[in-house]
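Here's the structure we're looking at; comments come further down.
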Amino acid sequence: MSTTDVRRGEPVTTVLTGEVRPGREQEFEVWTHGITRCARRFPGNEGVSWLRPEKGHRFHAVLRWSDPHRLAAWLESDERAAWHARMAGVATEIGSERQSTSGMETWFSLPGTTCSPRPAGRWRSPRSSAPIPAPC
């Protein structure tokens, strides 16, 4: 089967959060470059961005993948596990803060959320004339 025969799913974005031990920020920065290079070589990766805190020690990685299956393959891969092991003593991933989105959140209420989606702007939905409510 060629790669053109593989049906792509919906793109997905995931945010991973890591708590860096005070004084270990430089080591963590080096680690982020290595795991980013590794992730970018993985099939389906469409980019990695790191958000550094102004205060505190929580860093966030925004990972974009072509579909949820390829994201899952990365998260469960031996390569990621090896990089994750290198982070020991430097930072801890906060798994309870992992978030993934597909983009549909702007159109539909997702299970388990308390926020209603914002209606599409007129440019996205020509019949919409309702005012756009404030975000949650």
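Here, residue 1 is the first one in the sequence, and each next residue gets the next number.
Side-chain atoms of T36 never come within 3.5 Å of backbone atoms of H33 as a donor-acceptor pair (strictly under, hydrogens ignored). Within the 3.5 Å criterion, the main-chain N or O of G23 finds a donor-acceptor partner in the side chain of E25. Although no hydrogens or angles enter the test, the distance criterion places no donor-acceptor pair under 3.5 Å between the side chain of R70 and the main chain of N45. With hydrogens and angles disregarded, a donor-acceptor distance shorter than 3.5 Å links the side chain of R24 to the backbone of G89.
When all heavy atoms are compared, the tightest approach of R40 to V48 is NH2-O, 3.1 Å. Nearest heavy atom pair, residue W65 against residue P43, reads CZ3-O, 3.5 Å.
Two residues are said to be in side-chain contact when any heavy atoms from C-beta on lie closer than 4.5 Å; P22 and H57 meet this criterion. No side-chain heavy atom of I35 sits less than 4.5 Å from a side-chain heavy atom of M87. In this structure, P53 and F59 have side chains that are in contact, with non-hydrogen atoms separated by less than 4.5 Å.
In this structure, OG1 in T13 is found 6.5 Å from CZ in R64, a value given to the nearest 0.5 Å. Going from atom CZ of R37 over to atom OG1 of T32 covers 9.0 Å, rounded to the nearest 0.5 Å.
Taking the ring centre of W83 as origin, the terminal cationic atom of R86 falls inside the region bounded by 6.0 Å and 45° from the ring axis.
Between F28 and W50, the ring centre distance stays below 6.0 Å.
Heavy atoms from other residues, nucleotides or ligands lying under 6.0 Å from CZ of R21 number 12 at most.
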